[in-house]
**Q** 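First the structure, then my questions, so here it is.
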Protein chains: 2
Amino acid sequence: MRISELARETGVPLATVKFYLREGLVPAGRATSATQAEYDATHVRRLRLVRALVEIGGLPLAAVRDVLVAVDAGPDLSMTAIGTAHAALPPCPPPGTGTERALAVVESFGWSGAGQTNALGRLQAALEAMDAVGLAPDPDRLRTYADAALTVAAADVSDVPAGPVADVVEYIVVGTVLYEPLLLALRRIAQQHLFVTRRPEG
Amino acid sequence: MRISELARETGVPLATVKFYLREGLVPAGRATSATQAEYDATHVRRLRLVRALVEIGGLPLAAVRDVLVAVDAGPDLSMTAIGTAHAALPPCPPPGTGTERALAVVESFGWSGAGQTNALGRLQAALEAMDAVGLAPDPDRLRTYADAALTVAAADVSDVPAGPVADVVEYIVVGTVLYEPLLLALRRIAQQHLFVTRRPEG
DNA sequence: CAATATTGGATAGTGCTACTCTCCAACTGT
DNA sequence: ACAGTTGGAGAGTAGCACTATCCAATATTG
C-alpha cells in the first residue's frame, strides 16, 4: 500500500499523513525506491490510533507522541503499565498544585498505591477550583463519584487481555484515553434522562 | 474595588482581566469617571468561574462565552436547564457523525429524553473510534459504564439546589463541566489502586 | 498645587499548535 | 516517451489565548 492509499483508507488528508510521518507519529514505510514506500496494516492501525487520540481523546500531538513512545517501549522496570500510561497522559495539573489534599481524600477511600500518578494533581486542582467558585462537593457526593470511578476502573483492569506486554500497554493507554469521553457522554445523557423523567411537569 | 485589585484578588494577570472585559466574559465595572471603574464580589466570582471553566474544564473561550450566556439567560422555554447547559458545552461531535447507534445504546438502557443533547454525537463518535482501533467495549462493560454514569448523574441532579433559576442553571452548567475532571481523575487513581493491589507481585 | 503613579481603554504583536501548501526530482504505468 | 504520481522537505497559514505598548484622563502624594 502506498501513502495515498493509506490516506484514503483512513480518511486522513494526504498532507496530514505526511506531516505525521515527519513528526514520527506514524513510522516510515518500507522504502522500495527513492520516491516510493510501502505501507501495511500496522500503519493503518497506528494512524487510526493517532486520530482517535487526537479527535476523541482530545490530546495535543506532543502528548500523542509521549503516549506512543510509552506504547512502543512497554512498561519500564519502575512502573506498572498503568503508571506508564498515566505519566504520558495529559492533562497535567497546573504547576504549583500540591497533592496533600487529594492524597487525604484518596486515603479516606482506603485506596493505596496512587502516590505516583499525576491524576492526584488534577484531583486537587479540581477541588481547589470548585472551592474558589463555591461549588465544592460534599463528602457524600465525593463518595458517590469515587464509588462510580472504582466501578468503572474495576471493569477497566479486569478487561486487560493476556498477551504481549506491548499489547497490554496499548490496551491500557488507549482504554484510559478513549473511554473517558465515553464515560462523560454517558453521564451527560444520564443527567438529561433523569432530569426529564424526574420533572415531567417542569 | 478597582481593576488591579480584581486582578490581584483572583491571581489573574491584569492584561488578561482587561482582555476578558473586552471579550465580554466579565461584565464591565461601574464607571466612576472616565478612567476609573468599580468592581465588586460578583466580578470576582465571574472571573473565578471563567478561569475554572478554562483551566479545569479545559473549555475554549468561545465555549466559555456560550456557557456564560446560558447561565445569564436562564433556560429558555423549549429546553430544560440541563439541555441549555449541554447545548452550550463542548466538545461538539465531529461533523458528519450520526446518532443512530448511540440512540440504540441509550434506548437499550431504558433511558429517555436524550434526543436533544449533543452528548449523543460524542457517544457515537467515541464508539466508532473504538471500533476503528479494535477496542470497542463489549456490552457488559458498556453496561458497567452506563450504570456508573447513571449513579453520578443521580447525585448531580439530586444536588441541584432550590433557588432562583439563574442559580440553578449556573449550578448545573458549572457542575457538569467542573465535575468531569473530578470523575476522570478519580477513575485514573482507582485504576492505579486496583492495578497495584491486584498485582503486587507483578 | 505640582509631580508622580495608576487607571481604563484601544491596538497591535507574540507564541503556540496543528495542520496545509508548494515545490521538486525520482519514479511508475501505459 | 511521457503524463501522472510519489516521497520528502520547507515555508506558509489559521486559530487561539493571551501579552505588550501606548495614551489621555484621573488619582495620589508631598
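All chains are named by letter (A, B, ...) in the order of the sequence lines, taking the proteins before the strands, and each is independently numbered beginning at 1.
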**Q** Check for a donor-acceptor pair, side chain of B:Arg48 on one end and backbone N or O of A:Met130 on the other, with a separation under 3.5 Å.
**A**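 No.
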
**Q** Look only at the side chain of A:Glu38 and the backbone of A:Arg30, and say whether a donor-acceptor pair between them is shorter than 3.5 Å.
**A** no

**Q** Any chance you could measure A:Ile189, atom CD1, to A:Leu194, atom CG, to the nearest 0.5 Å?
**A**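 Taking CD1 in A:Ile189 and CG in A:Leu194, the distance rounds to 12.0 Å.
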
**Q** Return the nearest nucleotide to the side chain of B:Ala15; candidates are C:dT20, D:dT19, D:dG8.
**A**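 In terms of side-chain proximity for B:Ala15, the closest of C:dT20, D:dT19, D:dG8 is D:dT19.
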
**Q** How many whole angstroms separate atom CZ of B:Arg30 from atom P of C:dT7?
**A**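 About 17 Å, once rounded to whole Å.
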
**Q** Can you work out whether B:Leu61 or A:Glu38 has the more 5'-proximal nearest nucleotide on DNA chain D?
**A**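 In this pair, the answer is A:Glu38.
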
**Q** CG of A:Leu14 versus P of D:dT5: gap in Å, rounded?
**A** 12 Å

**Q** So, A:Tyr20 and A:Arg51: side-chain donor and acceptor under 3.5 Å apart, yes or no?
**A**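 Result is yes, a qualifying pair exists.
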
**Q** Is there a donor-acceptor contact under 3.5 Å from the side chain of B:His193 to the main chain of A:Trp111?
**A**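 It does not hold such a pair.
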
**Q** At 4.0 Å (heavy atoms only), tell me whether A:Arg8 reaches a base, stays on the sugar-phosphate, or touches nothing.
**A**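 The answer is nothing, as A:Arg8 stays clear of every strand by at least 4.0 Å.
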
**Q** Once each nucleotide of nucleotides 24-30 of chain C is scored for protein heavy atoms under 4.0 Å, what B/S/- sequence comes out, 5' to 3'?
**A** --BSS--

**Q** Evaluate the ring planes of A:Tyr39 and A:His43, with Trp represented by its six-membered ring, and classify them as parallel (under 30°), tilted (30 to 60°) or perpendicular (over 60°).
**A** perpendicular

**Q** How many whole angstroms separate atom CD of B:Glu23 from atom P of C:dT11?
**A** 13 Å

**Q** Rounded to whole Å, please give me the gap between NE2 in A:His43 and C1' in D:dT6.
**A** 16 Å

**Q** Measure from CZ on A:Arg65 to P on C:dC19 and round the result to the nearest Å.
**A** 12 Å

**Q** As an exercise, state the distance from CG of B:Leu184 to OG1 of A:Thr176, rounded to the nearest 0.5 Å.
**A**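 One finds 10.5 Å between CG of B:Leu184 and OG1 of A:Thr176.
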
**Q** Below 4.0 angstrom from OP1 or OP2 of D:dC18, is there any side-chain N or O of B:Tyr20?
**A**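 Indeed, a polar side-chain atom of B:Tyr20 lies that close.
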
**Q** Which value, rounded to the nearest 0.5 Å, describes the distance between A:Arg143 atom CZ and A:Leu150 atom CG?
**A**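 Rounded to the nearest 0.5 Å, the CZ-CG separation comes to 8.5 Å.
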
**Q** Under 3.5 Å, is there a donor-acceptor pair linking the side chains of A:Asp156 and B:Tyr145?
**A**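 Yes, a side-chain donor-acceptor pair sits under 3.5 Å.
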
**Q** Let's go through A:Asp72 and A:Arg46 carefully: what are the C-alpha distance in whole Å and the side-chain angles of both, what is the deciding distance for salt bridge (charged side-chain N to carboxylate O under 4.0 Å, His left out) to 0.1 Å, and is it a yes or a no?
**A** CA-CA 11 Å; A:Asp72 291 339; A:Arg46 172 56 59 99; 2.8 Å; yes

**Q** A:Leu6 has an atom CG; how far is it from atom C1' of D:dT5, in whole Å?
**A**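 Between C1' of D:dT5 and CG of A:Leu6: 16 Å.
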
**Q** Pull out every protein N or O sitting under 3.5 Å from an N or O of nucleotides 11-15 of chain D, one pair per line with the distance.
**A**
none

**Q** In whole angstrom, what separates B:Lys18's NZ from D:dC18's C1'?
**A** 14 Å

**Q** Write down the distance between CG (A:Leu53) and P (C:dA18), rounded to a whole number of angstrom.
**A**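 Whole-Å distance recorded here is 12 Å.
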
**Q** Dot-bracket for DNA chain D, please, read 5' to 3', with Watson-Crick or G-U wobble pairs under 3.5 Å on both distances, ( ) within the strand, [ ] crossing, | other strand, . unpaired.
**A** ||||||||||||||||||||||||||||||

**Q** Assign each of A:Ala62 and B:Met1 to its nearest nucleotide of DNA chain C by heavy atoms, then name whichever residue's nucleotide is nearer the 5' end.
**A**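 Going by which nucleotide is closer to the 5' end, it is B:Met1.
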
**Q** So, is B:Thr16 close to the D:dT19 phosphate, meaning a side-chain N or O under 4.0 Å from OP1 or OP2?
**A**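 Answer yes for this pair, as a side-chain N or O of B:Thr16 is under 4.0 Å from OP1 or OP2.
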
**Q** Looking at A:Val17, A:Val26, A:Val50, which one forms a side-chain contact (heavy atoms from CB on, under 4.5 Å) with A:Val12?
**A** A:Val17

**Q** In Å, rounded to the nearest 0.5 Å, how long is the span from OG1 of A:Thr99 to CZ of A:Arg101?
**A**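 It comes to 12.5 Å.
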
